[in-house]
Undergrad: 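Sharing a structure with you now.
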Amino acid sequence: MSTGAAAAPDLEVSAVTKRFAAHVAVNEVSFSVARGSFFSILGPSGCGKTTLLRMIAGFIQPDGGGIAIGGRDMRNVPPNKRPVNMVFQHLALFPMMSVGENVAFGLARRGVGRAERTRRAEAMLERVGLAGAASKRTDELSGGQRQRVAIARSLVLEPTLLLLDEPLGALDLKLREHMKVELKQLQSAFGTTFVYITHDQSEALVLSDRVGVMNHGRFEQLGSPQELYYSPATSFVAGFVGANNRLTGTVLAQDGALVEFDAGGGLHLRVRANAAFTRGAAVDAFIRPEAMTLARTPAELPPGQSALSGEVTDMLFDGANSVVLLREAHSRRELRIALPQTGAFADLRAGARICFGFDPGRAICFPGTHG
Amino acid sequence: MAETAAGALWYRRLVLALLLAPALLWLLALIVLPHFDLALLSFRARVAPREYVASLAQYRSFFGEPLYWHVFVRTALLSAFATALTLLVAFPIAWIIAKLARGRMSALLFVVCLIPFWVSETVRTLGWMILLRESGVLPALLVHLGITAQPVELLYHDATILVGLVYTSLLFMVVPLVGSLESLDNSLIEAAYDLGGKGWPILRTIVIPHAAPGITAGCIVVFMLTLGNYLTPTLLGGKNSLWFTEQIYAQFITRFNWEQGAAFGFLLLALSTAMVWLGLKASGQRFSDVMRRV
């Protein structure tokens with residue numbers, strides 16, 4: 001593994017496959033998760049990530065391949081015998097029990113005595129910041145507190161692996177931002193290996209040490225959040241992780257690491273390439289909104305950037321994430337460009353003409369998927 | 001302005017009263033009035049032809065005559081036993097309908113439970129008699145298989161009465177159970193399993209507490225139906241059935257002792273009320289929650 005962890009991986013998934021009738025939900029997926037790390041599986045709904053997680057938890061048996069947890073092969077091991085616990089999408093707290101009984105549930109199933117499990121449940125609740133909540137009913141807690149109970153209920157069993165099935169999905173935006181930070185802190189405080197699935201790329205980027213981007217049952221790329229963001233391996237990853245401008249065109253020439261292509265209407269762009277292209281081949285190029293620079297005149301652009309121009313179609317104000325939408329003059333393609341934090345272009349209005357440029361090294365292209 | 005608001009309120013109340021009127025009339029004419037009359041009947045005794053005095057003689061004779069209260073206790077115990085059996089039989093059926101069967105299969109299973117109710121109770125019970133009587137289908141089969149040398153009489157046993165009662169009551173237990181099991185989130189069961197639970201602990205700690213209102217509702221309905229059942233114990237149990245409803249029938253129809261019959265009726269009402277109250281207390285359920293499940 002590129003993480004270079006000395007310890008054996010806590011989770012080793014090798015060539016796991018699952019079919020539902022003719023549909024291949026998970027297709028020969030392999031990865032391993034280092035001890036104590038936060039691993040996310042990121043993908044759109046229906047990409048097979050839930051199936052993959054449920055195979056790790058043991059609720060579904062794979063058709064092929066193997067899963068080893070803590071170095072032990074998990075074939076034919078039922079969920080209640082695996083050193084794995086799961087935080088469910090809607091948390092699945094037991095409404096018929098108090099918070100303390102929820103946390104003590106797994107200990108009771110292991111035959112831990114009443115006094116001992118009450119003590120351990122209360123100690124665990126204290127660690128997640130819910131001291132004194134043991135006698136409360138689960139519906140008396142806020143969404144964030146409920147999530148902490150769900151995590152405490154799993155971690156009290158000291159699992160090798162904690163699986164989280166989009167636990168933030170049901171929360172409102174403000175709480176979700178807060179819980180993201182809290183999850184990260186809980187994970188580093190406990191040091192338990194987390195495997196987290198989500199369709200929200202921002203959650204995956206913020207929380208994870210490593211991320212597997214999944215699409216159509218396969219891993220498109222496996223890497224750190226920075227690798228996914230700055231060096232996407234496929235056009236799907238470039239489009240799915242973070243905001244991006246996608247431009248399609250045909251290759252004109254390749255000069256080492258740079259490809260020049262025609263984006264239509266005589267617009268010629270130069271971008272970084274990760275493969276060899278032949279002249280006339282279809283190409284998908286991606287330029288991040290923040291990789292582009294706005295300028296009033298071509299002379300103001302940084303040296304080496306070719307000047308492009310366009311007409312502002314809209315200003316989307318969103319604090320530090322404000323962007324301007326503009327239509328490029330030649331190709332008539334719509335582009336999204338981040339507004340600088342200085343507020344220099346805050347006075348732009350729809351219809352204004354503006355120059356812009358970008359560093360070819362910060363744009364990337366892939367063999368085209370279009371015709 | 002205030003006048004129109006008051007008028008609208010008055011109008012709404014009138015509509016409500018009119019909508020409720022048929023049900024209230026029904027309740028008054030067919031349940032409250034007859035019971036009132038029966039209560040009066042039960043508290044008097046005949047001293048001479050057409051001459052009555054207020055008296056507790058009817059209730060005194062119930063406690064004085066061992067046969068009466070033996071039958072009473074026997075009916076209560078057998079009804080409770082039949083209710084428990086019905087719950088045991090209905091729970092797996094309800095589980096399959098609510099949790100395992102999908103879509104059309106689930107509806108089909110429900111219909112299968114409903115089919116016996118398309119024929120009248122009399123015909124259904126006579127069907128059992130055809131199967132179980134000495135010259136019937138099942139004894140003949142037992143002889144044919146060499147299990148018994150002679151055809152045996154399978155009718156007129158307590159077990160036969162129980163079989164008939166469970167069969168008649170099944171649907172009334174399955175319906176509230178399916179309702180309460182369907183509302184149980186599957187992820188709760190998965191979470192319990194994931195946290196190390198196995199079949200019985202999950203059933204005891206998750207499924208039964210969740211389904212408790214449905215279980216209690218089903219038990220109340222089945223217990224009341226069983227306690228007040230007349231046809232099934234009489235036909236399947238014959239003279240040995242000793243069911244309390246038969247005592248009431250005998251007092252009213254055979255003995256023409258309406259006073260005694262009315263007193264028996266009220267004792268049965270008191271019994272079922274007491275048992276329901278005890279059941280609610282024992283299961284920690286509230287009547288209003290339970291009745292929403294029926």
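Just so we're on the same page: letters track the sequence lines, and every chain starts at 1.
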Undergrad: Within a reach of under 6.0 Å around CZ of B:F287, are more than 12 heavy atoms found that belong to other residues, nucleotides or ligands?
TA: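 Count not over threshold, so no.
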Undergrad: With sequence neighbours left out, which residue pairs that include part of residues 74-84 of chain B fulfil the side-chain hydrogen bond (donor to acceptor under 3.5 Å, both in side chains) condition?
TA: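 Sorted result for residues 74-84 of chain B: B:R74-B:D158.
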Undergrad: What part of A:M86 is in contact with chain B, defined as an atom under 4.5 angstrom from a non-hydrogen atom: side chain, backbone, both or neither?
TA: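 For A:M86, backbone and side chain are both near chain B.
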Undergrad: Quick check on B:A192 against chain A: is it the side chain, the backbone, both or neither that has a heavy atom closer than 4.5 Å?
TA: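 Answer is both: backbone and side chain atoms of B:A192 are under 4.5 Å from chain A.
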Undergrad: Could you list all the ring pair (Phe, Tyr, Trp, His ring centres under 6.0 Å) pairs where at least one residue sits in residues 55-81 of chain A, not counting sequence neighbours?
TA: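 Every pair satisfying ring pair (Phe, Tyr, Trp, His ring centres under 6.0 Å) with a residue in residues 55-81 of chain A: there are none.
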Undergrad: Hey, what donor-acceptor pairs show up under 3.5 Å between chain B and chain A?
TA:
| from | atom 1 | to | atom 2 | distance (Å) |
| --- | --- | --- | --- | --- |
| B:E190 | OE1 | A:R54 | NH1 | 3.0 |
| B:E190 | OE2 | A:R54 | NH2 | 2.5 |
| B:D194 | O | A:N85 | ND2 | 3.0 |
| B:D194 | OD2 | A:M86 | N | 2.7 |
| B:G197 | O | A:N80 | ND2 | 3.0 |

Undergrad: For chain A, which residues from residues 160-173 of chain B lie under 4.5 Å away (heavy-atom distances)?
TA: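 Interface residues of residues 160-173 of chain B: none, nothing closer than 4.5 Å to chain A.
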Undergrad: Pick one: which of A:V156, A:L157, A:L107, A:V103 meets side chain to side chain contact (heavy atoms under 4.5 Å, CB included) with B:L195?
TA: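 Considering A:V156, A:L157, A:L107, A:V103, a side chain to side chain contact (heavy atoms under 4.5 Å, CB included) with B:L195 is found only for A:L157.
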Undergrad: First locate atom CD1 of B:I202, then atom CZ of A:F94, and finally report the distance between them rounded to the nearest 0.5 Å.
TA: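 Separation between the atoms: 8.0 Å.
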